[in-house]
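Lettering follows sequence order; numbering is per chain, from 1.
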Protein chains: 2
Amino acid sequence: MTEIEKTLHNKRVRPTAMRILIYKYMAGKNSAVALTDIENAFDKAERTTLYRTLKTFEEKGLVHQIDDGTNVSKFALCEPGCNCEIDQDLHLHFHCGNCDKTVCLTEHKIPHINLPQGYIAEDANLVIKGICESCSQH
Amino acid sequence: MTEIEKTLHNKRVRPTAMRILIYKYMAGKNSAVALTDIENAFDKAERTTLYRTLKTFEEKGLVHQIDDGTNVSKFALCEPGCNCEIDQDLHLHFHCGNCDKTVCLTEHKIPHINLPQGYIAEDANLVIKGICESCSQH
DNA sequence: AGAACTGTGCAACAGAAGTGCATTTTAATG
DNA sequence: CATTAAAATGCACTTCTGTTGCACAGTTCT
Ligand SMILES: [Mn+2]
Ligand SMILES: [Mn+2]
Ligand SMILES: [Zn+2]
Ligand SMILES: [Zn+2]
């Protein structure tokens, strides 16, 4: 049983061939991926399968979905200890307008916001847009 | 010339009948509106016209587009003095999971975030999700 | 009035997301 | 190992939002 298989097993996700491939693919990237990205990476893969795989991964706490404002959902592997399932890992995300990549800034949590009377916060999403570290050097 | 006509004129938007209606509609709501909302409000209106009207309004600084994480673009009238055109009015938005309304919290600006070395911020989007003031009272 | 420009309506398209159902694969059981 | 139930996959199709091209209508200017 490989490391990845163990990881999937721990989160009660059955380690099928496709799931292992997808997990491996995401683990090898340093930025969030869209469904279409995976689709293009494995051209024999079915969109529906990928779609449902990501959904399963998310439900079981293996990945978290990111809304970076591009109207295309992105996904990133959760780091060990990430509690995003219960909205307790509110790190921010950065979207680069140059290379179009979206990255997790897991060390940077969303600051607490004082809302007006009557408003109850349950979740938050903060996306910074600009030029990423890699693009700003060239 | 009515107030609305003056407002449009000031922003160099020609005050056609449809535009005045749309502006009036948005001014009468206390939450952000989606294209479909307007479409439903004026059932004889053409989707394309509304789409392009909102685009024009946005380009001329009459409204700003809001990404509240629902994957449906919302629009809200800019308040006088709003500098959202140049990404200088970074107020936050609140989306209620109960009534599904999105509101501008124009008094609440997005706090400054220290990014890692190399990252250059140009814009930011902060959406708080939860229960709105109106829904939390019932 | 005529020309030039702007706005509107209609049709069609693109892309992402999502669903129903039949088939295949997996994992568990005897 | 064969059986079987549950889970995963593949295919087809739908919906929704956003977007564009083009012809026509309305407006503005000379
Ligand atoms: Mn993340
Ligand atoms: Mn706003
Ligand atoms: Zn970049
Ligand atoms: Zn509400």
Visitor: Starting at CZ of B:Arg12 and ending at P of C:dC5, how long is that distance when rounded to a whole Å?
Guide: 20 Å
Visitor: Measure from CG on A:Leu21 to P on D:dA8 and round the result to the nearest Å.
Guide: 16 Å
Visitor: Taking the nucleotide of DNA chain C with the nearest heavy atom to each, does A:Pro15 or A:Lys74 sit closer to the 5' end?
Guide: A:Lys74
Visitor: Cut-off 3.5 Å, side chains only: do A:His93 and A:His91 have a donor facing an acceptor?
Guide: yes
Visitor: What is the distance, rounded to the nearest whole Å, between atom CD of B:Glu39 and atom P of C:dC10?
Guide: 13 Å
Visitor: What is the distance from CD of A:Glu46 to P of D:dG10, rounded to the nearest Å?
Guide: 6 Å
Visitor: What pair of heavy atoms forms the shortest contact from A:Ile131 to A:Ser136, and how long is it?
Guide: CG2-N, 3.6 Å
Visitor: Starting at CD1 of A:Ile38 and ending at P of C:dA16, how long is that distance when rounded to a whole Å?
Guide: 13 Å
Visitor: Has the side chain of A:Asp37 got a donor or acceptor atom that lies under 3.5 Å from a matching backbone atom of A:Val33?
Guide: no
Visitor: Indicate whether OP1 or OP2 belonging to C:dG9 is found under 4.0 Å from a side-chain N or O atom of B:Thr49.
Guide: yes
Visitor: Could you check how far CD1 of A:Ile22 sits from P of D:dT9, rounded to whole Å?
Guide: 8 Å
Visitor: Nearest whole angstrom, please: distance from the P of D:dT9 to the CG of A:Leu50.
Guide: 9 Å
Visitor: So does B:Arg47 get a side-chain nitrogen or oxygen closer than 4.0 Å to the phosphate oxygens (OP1/OP2) of C:dG9?
Guide: no
Visitor: Just to confirm, is there a sub-4.0 Å distance from OP1 or OP2 of C:dG7 to any side-chain nitrogen or oxygen of B:Thr53?
Guide: no
Visitor: Quick one: is A:Thr56 getting a side-chain N or O under 4.0 Å of the D:dA8 phosphate, OP1 or OP2?
Guide: no
Visitor: Of the options C:dT8, D:dA8, D:dT17, whose atoms approach the side-chain atoms of B:Met18 most closely?
Guide: C:dT8
Visitor: To the nearest Å, how far apart are B:Lys60 NZ and C:dG7 P?
Guide: 7 Å
Visitor: In Å, rounded to the nearest 0.5 Å, how long is the span from NZ of B:Lys109 to CG of B:Leu126?
Guide: 12.5 Å
Visitor: Does A:Glu133 have any salt bridge (Lys or Arg N to Asp or Glu O under 4.0 Å) partners at least two apart in sequence or in another chain, and if so, which?
Guide: none
Visitor: Before we go on, tell me: are the rings of A:Tyr119 and B:Phe94 under 6.0 Å apart, centre to centre?
Guide: yes
Visitor: With a cut-off of less than 4.0 Å, is there a side-chain N or O of B:Thr16 near OP1 or OP2 of C:dT8?
Guide: yes
Visitor: Can you build the contact string for nucleotides 20-30 of chain D? Use B for base contact, S for sugar-phosphate-only contact, and - for no protein heavy atom under 4.0 Å.
Guide: BBB----SS--
Visitor: Can you tell me if B:His64 and B:Asp89 form a side-chain donor-acceptor pair at under 3.5 Å?
Guide: no
